[in-house]
Structure formats: C-alpha cells, structure tokens
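Proteins get letters first, then strands, A, B, ... in listed order; numbering begins at 1 in each.
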Protein chains: 2
Amino acid sequence: MPVRKSLADLNCSLAKALDVVGDGWSMLILRDLFIGVQRFQDIANSTGVARNTLTERLNRLVGAGLVVRTGTEHRPLYALSDMGYDLMPALVAMMQWGDRWYADGKPPMVIEDHKGREVPVVKLTTAKGKDLDLRKLAVKPGPGAEAMTKAWLDTVIRR
Amino acid sequence: MPVRKSLADLNCSLAKALDVVGDGWSMLILRDLFIGVQRFQDIANSTGVARNTLTERLNRLVGAGLVVRTGTEHRPLYALSDMGYDLMPALVAMMQWGDRWYADGKPPMVIEDHKGREVPVVKLTTAKGKDLDLRKLAVKPGPGAEAMTKAWLDTVIRR
DNA sequence: CTGTATCCTTAAAGATACTG
DNA sequence: CAGTATCTTTAAGGATACAG
C-alpha cells in the first residue's frame, strides 16, 4: 500500500522538505508559478495535472506557506511566497541538472536575470565562492540531531 | 489511479529530473549515499524504506546512472556516480531549505568540506558571484524549446 | 546480508459531471 | 473560470516468507 510514512520523523531537513514537495507535481506547479503562470486553468494545462489533483496540491502548498492566493475569490491568482521563492535555488539546481544530463545541450528552459543574462549553474562553494569538490564533503549530524541520531549514524556509516 | 504520466514529454528539464528522483524515496537514498551509507541494509534502516521498494529504487537509480554498484556480487556497495554527485547541489539546496523553514535553527545535518567548514547556503548568483533577486528572474523557453512550446508558453503566461 | 517473490491494502490520480 | 464531488482504477508501498 502506498501508505507513505510521513518522512517528517526522520529528523532530517531533507525529509521534511520532501514531505511538502516530494511528489511529482508540486515542484512542477512551483516551477509554473516561478515562470509567471498564475491561473488555475493555466497551471492545469501547462503541467497536465488533473484538476482535482491540482486543487489538492495548491491547497497543500498554500497551507504549507509556499504559495499565496491573491486576486478575487472567484478568480484567484497564485504566486510564490517568500518561502516558495526560497526554494527556487533547489528547483533551479534540479532543472539545471536535467539540462545537463537529459536535454543534451539545448536546455528548453533558461533562467535569466532582469538584464537577460543567463543565470549560472548552481554550485556548492566555499564562503569565498570557490568551487567545492563534492566528493570531499561530509554530511554530519548537526546540533539539531539528538544523541540517538548520532549513535544511529555511527552504526549506519561504516567505512 | 496513480497512473502518473511520465513527465518526460513535458519538454522541461525539471520534469525529466523529476521522472528519476521525483518520488519520496530516491532523494533520501541519494542523501544516504552522499553521507557515506553504502550497504543495502543500512540504507533500509536509515531511511525506513521497505526492502522491495529499496531494491526497485536502487535498480532504477543504477539504471539511470546516478548510482554505481561496487563490491562483490553477494555484498554490493552502493555509491554515487558522477551523475549522482552532480545532483548534490540540488539535494543540498533542498536540505538547507528544510533547515531554514522546518528545523528551527538547529539543522540536524550539516554539510562540511574536507576542512570541517560548514558549506554555505546554496544561492543563485550572477557570474561574478553576486546574489540575485529571485523575484526578478525570468524563466523562458530556451533554444531547446520547439516553436510549439514557445507559443504554448505565450498562451499560458499572461501578465 | 541481499535480494526475490507474493499478497494485500490503500491512497493517489484520472475521468467525469456538476455548481457558483 | 475555478473549483467540488463521485467513482474507478491501478500501481506503489508495505508485510511476509523464502532463497542464494
């Protein structure tokens, strides 16, 4: 059964993020809002989501705080909130990854700044802007991890 | 019915990316591999995925090229490929977003470089490293978009 | 330990029709 | 146009048992 456990209890920020946008549609809807698509019907057309699914998703995203509903009650407009915009670096990074590995050199979408310049590839860098070698990074339990989590990770990460 | 249409035909790199990692588990599995968890059983424990689901996901990720299987046939080790590592900026950006909006100041996971310095927040910047105002960006059909896609977007984005 | 093979459940997603 | 309300389907996810 698709009784997806809520990931929220995994004590991982990624899991919590995925609880909100970890389905196939949410990110596409957010992409649409990022692009500037604002209407229910247009999102439905652009993405291909079923209307009831779209209703459910929009309600969830509004409830979670990523999306704000404006306009009249009869003709709402949807837009990203600060929280929603704050996710865009992640979304753009995924899109760029798709560009690199699937679009074979010709990205169907380009993100540009207000001067029409293409936004560079999202990277992990040092505080000074130097590129980091991804293979040399370490992901560790942080201050928010309880002792139990740390012990758990010690068990799980054997080298 | 969860007859998720394949998103791949949406002519969007994001959709293609989501086709591979757009489910709840894949990103968590990739996170584990990024952390250094290498064994089937450990991934299962760490994430809570059912074993058959994990099998399916790992096979899919290996097939898609994000994960490589090493070690003996009886006791495989799983690791990120170049393609998998290349997705880490997106994954890290999502994790950081979760930190900011859900972990209330105490991120349970911290990404560090080889010197133990915390990796800064992933951002969209100009080529020169200057922060970009997300609200001033534009997402446009690029060279990879067929004329039809462009026309479609014109229809869908009304301002 | 790493799977594979069933079986079962359910909830997610689509289709459709209808309302304000 | 923006939903809501059903109805139906189906495949994803879990549990379990078994195999190499």
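Distance from the side chain of A:R75 is smallest for D:dC1 among the nucleotides C:dG14, D:dG3, D:dC1. Of the candidate nucleotides C:dT2, D:dG14, D:dT4, C:dT2 has the atom nearest to the side chain of B:R39. When each of D:dG3, C:dA5, C:dC1 is scored by its nearest atom to the side-chain atoms of B:N52, the top-ranked nucleotide is C:dA5. Side-chain proximity of B:R57 to the nucleotides D:dG14, C:dT2, D:dA12 is greatest for D:dA12. When distances run from any side-chain atom of A:Y78 to the nucleotides D:dG3, C:dG3, C:dT4, the shortest one goes to D:dG3.
Considering only heavy atoms from C-beta on, B:R31 stays 4.5 Å or farther from A:V139 through its side chain.
Rounded to a whole Å, the CG atom of B:L54 is 8 Å from the P atom of C:dG3. Distance CD (B:E56) to C1' (D:dA12): 9 Å, rounded to an integer number of Å. Between the CG atom of B:L58 and the P atom of C:dC1 there is a distance of 16 Å, given to the nearest Å. Between B:N59 atom CG and C:dG3 atom P the separation is 8 Å, expressed in whole Å. Following rounding to the nearest Å, B:D42 (CG) and C:dG3 (C1') show an atom-to-atom distance of 15 Å. Rounded to whole angstrom, the span from the CG atom of A:L77 across to the C1' atom of D:dC1 amounts to 12 Å. Atom CD of B:E73 and atom P of C:dG3 are 9 Å apart (whole Å).
The residues B:D32 and B:R39 are annotated as not salt-bridged, no charged nitrogen and carboxylate oxygen being separated by less than 4.0 angstrom. Under a 4.0 Å N-O distance rule, the pair B:R135/A:D82 qualifies as a salt bridge. Under a 4.0 Å N-O distance rule, the pair B:R57/B:D23 qualifies as a salt bridge. Ionic pairing of B:D113 and A:K136 is not present here: no N-O contact between side-chain nitrogen and carboxylate oxygen is shorter than 4.0 angstrom.
Heavy-atom distances under 4.0 Å link DNA chain C to B:R69 of residues 61-70 of chain B, given in residue order.
One donor-acceptor pair, N or O on each side, does fall under 3.5 Å between the base of D:dA2 and the side chain of A:R51.
Remark: B:N52 engages no residue in a side-chain hydrogen bond (donor to acceptor under 3.5 Å, both in side chains) (not counting sequence neighbours).
Close to C:dG14, at under 4.0 Å from its OP1 or OP2, lies a side-chain N or O of A:T53.
Of the residues A:L91, A:I111, A:V92, the one that meets the side-chain contact (heavy atoms from CB on, under 4.5 Å) test with A:V122 is A:V92.
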